Each structure stands twice: as C-alpha cells, then as structure tokens.
Amino acid sequence: MRFGVVTFPGSNCDADCRWVLREVMGFETESVWHEETDLAGLDAVVLPGGFSYGDYLRAGAIAATSPVMLAVRAFAARGGLVLGVCNGFQILLETGLLPGAMLPNLGARFRCEWVRVRVERTDTPFTSRYRPGEVLRMPIAHREGRYYADPATLERLEAAGCVVFRYEGENPNGSLHGIAGIRDETGNVLGLMPHPERCAEGILGGEDGRRLFESMADWIRTKRREAVWQRS
C-alpha cells in the first residue's frame with residue numbers, strides 16, 4: 001500500500017508523518033509537493049500539521065487553493081482515504097471537504113500539551129482498532145483549534161455520527177461540542193486536531209496514535225481484497 005504525505009510551504013510535520021508511516025509502520029510512503037496534480041497509485045493521502053503559507057489570511061486558507069487540493073478533492077470523491085492532522089484539518093475545512101471552520105483558541109493562546117480524547121466512532125476506516133468510548137492520550141499544538149459550525153451543521157454532524165473524536169475532561173480550545181475530529185458523511189475523509197503521528201512510538205511518550213494508521217491499513221487491505229473478489 002502507498003501513502004502520500006503532502007508538503008506545503010510552511011508544513012513542519014510532514015517529516016514526522018513520513019517517518020511514522022515508512023519507518024514505524026513499514027508502509028510505502030512518498031512525498032507529494034503542493035504543486036502536484038496527480039495522485040495516481042496512492043491508497044491514502046495525509047495533510048500534515050504546520051503553518052502552511054505562514055497561516056496568512058487564516059490557517060489553511062491559502063493552502064486550500066494549492067493545485068494539489070484539486071487532486072485531493074478528486075481522490076476523496078473516488079473513495080480514497082484522506083487524513084488531515086491539525087493544519088491539515090484546517091485545510092480540509094477551508095476546501096469544504098469537511099464542514100465548519102476553525103477559530104482561535106479561547107484565550108487566544110497557543111496550546112502545546114497532551115490531552116485526553118474520547119473515541120466516538122469505531123466504524124470508520126480510521127478507528128476500527130479502537131474500542132467504543134476509549135479515551136486516548138494525544139498531543140496537540142495549535143493556536144486555531146476551536147471548531148465552530150452553525151447550529152444546523154452541528155445538529156447534522158451529530159445526527160449523522162460524523163463526530164469521531166471528542167475532548168475528554170478539559171476542552172483545551174473551546175471547541176463546540178468538545179469536537180476534536182470529524183469525518184465527512186461518506187466516511188473516507190477525517191480531520192483531527194491532535195497529532196497521532198506524535199504518539200505512535202513508545203519513546204515519544206505514548207502509542208495511542210499508532211492504531212489510527214493501523215486502522216487505515218486494515219481498511220485498504222480489505223478494499224483490495226474486495227476488488228480482487230469482484231474481478232474473479
């Protein structure tokens with residue numbers, strides 16, 4: 001299986017994601033420059049954290065206009081897995097691949113710390129290795145992580161089961177409904193503010209993020225087997 005990690009000017013977690021996917025998980029992984037328009041051959045695309053284009057205008061706003069995002073949109077429409085972490089989540093919101101917006105944290109302070117995150121859904125390509133209601137320990141590092149959506153959108157998200165991760169205990173940024181991560185209604189696009197790639201090795205203080213990538217790999221393998229069965 002092949003993962004692609006997109007690099008925008010200002011990305012600073014792309015190397016972390018490549019390290020975990022390639023060296024820790026053992027997956028074939030390649031870099032995707034923000035000007036590329038061809039994602040052929042990839043099974044999953046990761047939009048990493050950082051400060052794309054210096055977070056000018058709004059976090060993720062300029063990156064959302066990059067050529068690669070047209071390819072990411074088409075990739076998602078074909079059913080490919082798309083994961084946006086932190087700034088990647090902000091970019092998915094700015095492109096409209098996920099609903100809502102990201103506002104500055106309450107208190108307008110950059111928060112860099114470990115938080116507790118509850119798994120709300122385990123029937124997604126990203127969470128099948130977790131237990132329902134399991135509380136994970138993951139790090140955050142953001143200034144604009146307060147998820148916001150209008151009441152109708154929030155109601156629709158909750159009713160459709162699109163809230164995948166929710167802060168447990170302290171809400172570090174004032175995110176509405178304690179939302180830490182959401183998926184789209186088709187289920188193959190996920191954005192979350194905590195960094196799973198920073199907690200995929202014990203030496204870094206925890207491995208709760210590792211199972212997110214393992215879940216993605218399980219889903220890809222299943223889809224490949226189904227494709228083979230359909231051809232036979």
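This is a predicted model, so every value here is computed, not measured.
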Practice item. For Phe75 and Val189, run side chain to side chain contact (heavy atoms under 4.5 Å, CB included): C-alpha distance rounded to whole Å, both residues' side-chain angles, the deciding distance at 0.1 Å, then the answer. Key: CA-CA 10 Å; Phe75 180 80; Val189 179; over 6 Å; no

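- Scanning for salt bridge (Lys or Arg N to Asp or Glu O under 4.0 Å) contacts around Glu214 gives Arg129, Arg210, with sequence neighbours left out.
- Counting non-hydrogen atoms of other residues, nucleotides and ligands closer than 6.0 Å to OH of Tyr56 gives a total of 12 or fewer.
- Judged as a ring-ring contact (aromatic ring centres under 6.0 Å, His included), and not counting sequence neighbours, the contacts of His34 are Tyr53.
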Check your understanding: Could you go step by step and tell me if Leu21 and Val46 meet the side chain to side chain contact (heavy atoms under 4.5 Å, CB included) rule?
Key -> CA-CA 10 Å; Leu21 291 168; Val46 179; 4.2 Å; yes

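- Residues Leu106 and Phe89 are members of separate hydrophobic clusters, defined by side-chain heavy-atom contacts under 4.5 angstrom among Ile, Leu, Val, Met, Phe, Trp and Tyr.
- A salt bridge between Glu113 and Arg198 is absent, with no side-chain N of the basic residue lying under 4.0 Å from a carboxylate O of the acidic one.
- Here Arg118 pairs with Glu120 in a salt bridge; the nearest charged N to carboxylate O distance falls below 4.0 Å.
- In terms of modelled atom types and a separation under 3.5 Å, the side chain of Asp208 and the main chain of Met138 share no donor-acceptor contact.
- Of all heavy-atom pairs between Gly145 and Met193, the closest is CA-CE, 3.9 Å.
- Just one of Arg211, Arg116, Arg166 meets the salt bridge (charged side-chain N to carboxylate O under 4.0 Å, His left out) condition when paired with Glu134; it is Arg211.
- In the hydrophobic cluster analysis, where Ile, Leu, Val, Met, Phe, Trp and Tyr join through side-chain heavy atoms closer than 4.5 angstrom, Leu70 is grouped apart from Leu92.
- In this structure a side-chain-to-backbone donor-acceptor pair under 3.5 Å is missing from Glu201 to Glu207.
- Under the 4.5 Å side-chain criterion, counting only non-hydrogen atoms from C-beta, Val117 is not in contact with Val135.
- Counting only heavy atoms from C-beta outward, the side chains of Ser31 and Val5 never approach each other to under 4.5 Å.
- At a threshold of 4.5 Å between non-hydrogen side-chain atoms, the residues Val119 and Phe165 count as touching.
- A donor-acceptor distance shorter than 3.5 angstrom exists from the side chain of Arg111 to the backbone of Pro172, with no hydrogens or angles considered.
- Looking at Ser175, its side chain never comes within 3.5 Å of a backbone N or O of Arg146 through a donor-acceptor pair.
- Atom OG1 of Thr95 is separated from atom CG of Leu93 by 7.5 Å, given to the nearest 0.5 angstrom.
- Atom-to-atom distance recorded for Arg121:CZ and Cys162:SG is 7.5 Å, nearest 0.5 angstrom.
- Scanning all heavy atoms of the two residues, the minimum distance from Ser52 to Ala63 falls at OG-CB, 3.5 Å.
- The closest side-chain heavy-atom distance from Leu190 to Ile182 is not below 4.5 Å.
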Point to revise | Chi angles and distances behind the side chain to side chain contact (heavy atoms under 4.5 Å, CB included) call for Met1, Trp219 | key: CA-CA 11 Å; Met1 66 187 67; Trp219 186 89; over 6 Å; no

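- In this structure, the side chains of Phe3 and Leu81 stay at 4.5 Å or more apart for every pair of heavy atoms.
- The backbone N or O of Ala108 sits nowhere less than 3.5 Å from a side-chain atom of Asn105 that would complete a donor-acceptor pair.
- Using a 4.5 Å heavy-atom cutoff, the side chains of Leu192 and Val85 are in contact.
- For Tyr130, the ring-ring contact (aromatic ring centres under 6.0 Å, His included) test picks out no residue, with sequence neighbours left out.
- The two atoms that bring Ile140 and Pro194 nearest to each other are CG2-CA, 3.9 Å, heavy atoms only.
- Between Leu47 and Asn87 there is no side-chain heavy-atom pair separated by less than 4.5 Å.
- For the pair Met25/Val20, a side-chain contact is recorded, criterion being any heavy-atom separation below 4.5 Å from C-beta on.
- No side-chain donor-acceptor contact under 3.5 Å links Thr37 to the backbone of Val68.
- Note: the hydrophobic cluster containing Phe51 does not contain Met102 (ILVMFWY, side chain heavy atoms under 4.5 Å, direct or indirect links).
- Remark: side-chain polar atoms of Asn188 are paired, donor with acceptor, to backbone N or O of Ala76 under 3.5 angstrom.
- Side-chain contact of Tyr167 with Asn173: a donor-acceptor pair under 3.5 Å is present, judged by distance alone.
- Other residues, nucleotides and ligands contribute over 12 non-hydrogen atoms within 6.0 Å of the CH2 atom of Trp114.
- Put simply, CG on Leu98 and CD on Glu185 are 10.5 Å apart, with the number rounded to the nearest 0.5 Å.
- Residue-environment remark: CD (Glu30) exceeds the threshold of 12 foreign heavy atoms within 6.0 Å.
- A donor-acceptor pair is defined here as one N or O able to donate and one able to accept, closer than 3.5 Å; no such pair exists between the side chain of Asp14 and the backbone of Thr7.
- Interatomic distance, CE of Met69 versus CD1 of Ile91, reported as 6.5 Å (0.5 Å rounding).
- For the pair Cys13 and His195, the tightest heavy-atom approach, listed with the atom from each and the gap, is SG-CE1, 3.8 Å.
- Taking all atoms of both residues into account, the shortest heavy-atom contact from Leu204 to Glu197 is CD1-O, 4.5 Å.
- Under the 3.5 Å distance criterion, the side-chain polar atoms of Asp55 are left unmatched by any main-chain donor or acceptor of Arg58.
- Within 6.0 Å of the CD atom in Glu158, the count of heavy atoms belonging to other residues, nucleotides or ligands exceeds 12.
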Practice item. Evaluate side chain to side chain contact (heavy atoms under 4.5 Å, CB included) for Asp150 paired with Leu154, printing each intermediate quantity in order. Key: CA-CA 6 Å; Asp150 62 85; Leu154 282 172; over 6 Å; no

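- Applying side-chain contact (heavy atoms from CB on, under 4.5 Å) to Asp43 and the options Lys223, Glu28, Arg224 leaves one that passes, Arg224.
- When the shell of 6.0 Å around CZ of Arg109 is examined, it contains 12 or fewer heavy atoms from other residues, nucleotides or ligands.
- In this structure, Gly178 and Asn171 approach most closely via the heavy-atom pair CA-ND2, 3.6 Å.
- Within the 3.5 Å criterion, the main-chain N or O of Phe27 finds a donor-acceptor partner in the side chain of Thr29.
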